[in-house]
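Only one structure is covered here, and it is reproduced in the block below.
Along the sequence shown, the residues carry numbers beginning at 1. These numbers come from the heavy atoms of this one structure, side chains and all, not from hydrogens, waters or symmetry mates.
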Amino acid sequence: MSRPIAQWHFATAHPGERARESQVDKFFSSDALVDRGNAVVREGTQNTLDAATTAEVEVRIRIGQWSQRELSERRPRYFIGLDKHVDAVGEKLSEAPARDTPFRFLAFEDFGTAGLRGDPTQWWIDDGGESNPFFNFFRAEGISDKDHGRRGRHGVGKSVFERASRVRAMFGLTRRADDREMLMGTCVLRSHRIASTPYVPDGWYGVQSDTESRLVMPVETDVTLLSNFRSDFGITRRRECGLSIVVPWLSEEVTPDTITEAAIRGYFDPILRGKIR
């Protein structure tokens with residue numbers, strides 16, 4: 001039997017489920033975080049500082065672009081199952097890219113952190129259980145283990161990366177102290193239909209389990225795909241623990257200048273004091 005390939009999965013809606021639309025955009029708009037370049041630097045770096053395992057952390061931010069030939073060659077690796085859902089909500093996404101739109105992306109990497117610890121099979125809240133950053137990052141919205149002394153924004157800070165994507169998607173490649181390397185993606189569109197089939201807003205990139213739950217699991221064993229991902233998106237992480245986030249179809253608002261300005265304005269002091277480099 002052939003091995004399942006990594007692709008995007010959206011669940012169909014069923015009678016009795018609550019119809020919902022994510023309110024994350026409204027949260028950030030009302031919180032004066034309308035500048036997406038600033039939001040990515042601010043929230044991403046705050047999360048890095050909160051997850052630090054060393055006295056000094058490092059953040060690497062890169063904006064890249066693929067040629068149309070590269071996009072055509074690489075699209076099957078990362079976007080199978082996503083395009084039709086983006087097309088279905090195209091008029092609801094003000095920045096939905098056309099087929100000939102240049103493919104820009106952002107890579108945000110942290111070093112000096114533990115990566116996304118926790119059981120990747122957890123799919124629902126575990127009251128009283130151990131902290132699970134993997135669950136909180138990929139499978140939860142508005143849920144956080146952070147106490148009031150930390151910098152995170154109510155479990156939605158990670159959503160600035162989706163906001164910075166013209167298709168509201170992001171990938172995360174994490175390496176942990178247990179030497180597990182995992183790649184997964186998440187996307188929040190709008191409630192939509194394809195033909196007559198209704199779908200919920202949330203999508204995940206990964207390999208769907210063959211169990212009854214059909215849970216989408218991160219890519220771990222496909223070493224070729226993991227290697228291609230690092231190469232295609234210019235990921236610099238090798239065996240260091242931490243998290244590398246990739247924002248595909250990056251908004252035109254996010255530029256090298258906005259990233260640089262946000263880093264200087266927001267983290268001038270900790271950079272000078274050697275807490276961040």
Side-chain angles (χ1 to χ4, degrees), residues 3-4 6 40 43-62 77-78 106-126 128-141 143-147 150-152 155-162 169-187 204-209 211 213 215-247 275-277:
R3 182 173 59 185
V40 164
E43 299 299 323
T45 306
Q46 285 174 346
N47 287 338
T48 297
L49 289 170
D50 284 343
T53 58
T54 59
E56 179 186 73
V57 297
E58 181 176 355
V59 171
R60 301 176 189 173
I61 306 174
R62 172 176 180 261
R77 298 177 192 157
Y78 310 113
L106 178 141
F108 184 106
E109 302 188 84
D110 66 41
F111 297 83
T113 70
L116 297 179
R117 296 172 289 103
D119 180 2
T121 67
Q122 181 182 335
W123 60 273
W124 195 248
I125 302 168
D126 182 11
E130 293 184 1
S131 171
N132 191 336
F134 188 95
F135 166 80
N136 291 338
F137 188 82
F138 282 115
R139 304 194 194 278
E141 182 178 299
I143 296 173
S144 174
D145 295 324
K146 298 179 182 179
D147 57 35
R150 294 194 164 187
R151 307 170 183 83
V156 296
K158 66 193 178 186
S159 299
V160 300
F161 293 102
E162 293 166 357
M170 67 176 175
F171 299 96
L173 176 70
T174 188
R175 178 172 283 276
R176 316 189 313 186
D178 60 7
D179 212 32
R180 292 180 74 176
E181 183 180 43
M182 294 180 284
L183 169 64
M184 195 166 175
T186 183
C187 174
W204 283 272
Y205 174 85
V207 178
Q208 195 168 55
S209 168
T211 64
S213 70
L215 184 67
V216 179
M217 295 296 295
V219 178
E220 286 192 75
T221 59
D222 191 338
V223 295
T224 299
L225 178 59
L226 294 173
S227 177
N228 284 335
F229 184 86
R230 288 191 295 268
S231 175
D232 292 342
F233 291 105
I235 299 301
T236 60
R237 183 181 316 285
R238 292 301 176 257
R239 302 199 65 83
E240 307 96 332
C241 292
L243 174 64
S244 300
I245 299 170
V246 168
V247 178
K275 294 187 65 177
I276 307 174
R277 61 184 175 93

Please report the closest heavy-atom contact between [X] and [Y], naming both atoms and the distance.
X      : Y      : answer
Val57  : Gly112 : CG1-O, 3.9 Å
Ala107 : Ile235 : CB-CD1, 4.1 Å
Met184 : Val216 : CE-O, 3.4 Å
Cys241 : Ala177 : SG-N, 3.4 Å
Ala6   : Val219 : CB-CG2, 3.6 Å

[atom2] on [Y] to [atom1] on [X], rounded to 0.5 Å:
X      : Y      : atom1 : atom2 : value
Leu106 : Arg62  : CG    : CZ    : 10.0 Å
Arg237 : Leu243 : CZ    : CG    : 6.5 Å
Trp123 : Phe135 : CH2   : CZ    : 9.5 Å
Phe137 : Thr186 : CZ    : OG1   : 8.5 Å
Thr48  : Ile245 : OG1   : CD1   : 7.5 Å
Leu226 : Ser231 : CG    : OG    : 12.5 Å

Practice problem: For the pair Phe233 and Phe171, name the ring-plane relationship: parallel under 30°, tilted 30 to 60°, perpendicular over 60°. | Solution: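 Tilted, since the angle between the ring planes falls between 30° and 60°.
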
Practice problem: Identify whether the distance between the nearest side-chain nitrogen and carboxylate oxygen of Asp179 and Arg239 falls below 4.0 Å. | Solution: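 Salt bridge present between Asp179 and Arg239.
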
Measure from the side-chain N and O atoms of [X] to the backbone N and O of [Y], and report whether any donor-acceptor pair falls under 3.5 Å.
X      : Y      : result
Trp204 : Leu215 : no
Lys158 : Asn136 : yes
Glu240 : Arg238 : yes
Thr174 : Leu116 : yes

Any side-chain heavy-atom pair from [X] and [Y] closer than 4.5 angstrom?
X      : Y      : result
Phe161 : Val246 : no
Asn228 : Tyr78  : yes
Glu181 : Arg230 : yes
Asp110 : Glu58  : no
Asn132 : Asp119 : yes

Practice problem: Measure from NZ or CZ of Arg60 to the centre of the six-membered ring of Phe111, then state whether that distance is under 6.0 Å and the direction lies within 45° of the axis. | Solution: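 Yes, Arg60 and Phe111 form such a contact.
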
Self-check item: Audit row: Leu225, Arg77, side chain to side chain contact (heavy atoms under 4.5 Å, CB included) steps and yes/no
Solution: CA-CA 8 Å; Leu225 178 59; Arg77 298 177 192 157; 4.2 Å; yes

Practice problem: Indicate whether the side chain of Ser159 and that of Glu141 have a donor and an acceptor atom separated by less than 3.5 Å. | Solution: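 Short answer, no.
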
Exercise. Using a cut-off of 6.0 Å, state whether more than 12 heavy atoms not belonging to Arg175 lie near its atom CZ.
Key: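 Yes.
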
Practice problem: Run the numbers on Arg176 and Met182 for side chain to side chain contact (heavy atoms under 4.5 Å, CB included), then give the verdict. | Solution: CA-CA 9 Å; Arg176 316 189 313 186; Met182 294 180 284; 3.5 Å; yes

Exercise. Please lay out, stage by stage, how Thr221 and Val223 fare under the test side chain to side chain contact (heavy atoms under 4.5 Å, CB included).
Key: CA-CA 6 Å; Thr221 59; Val223 295; over 6 Å; no

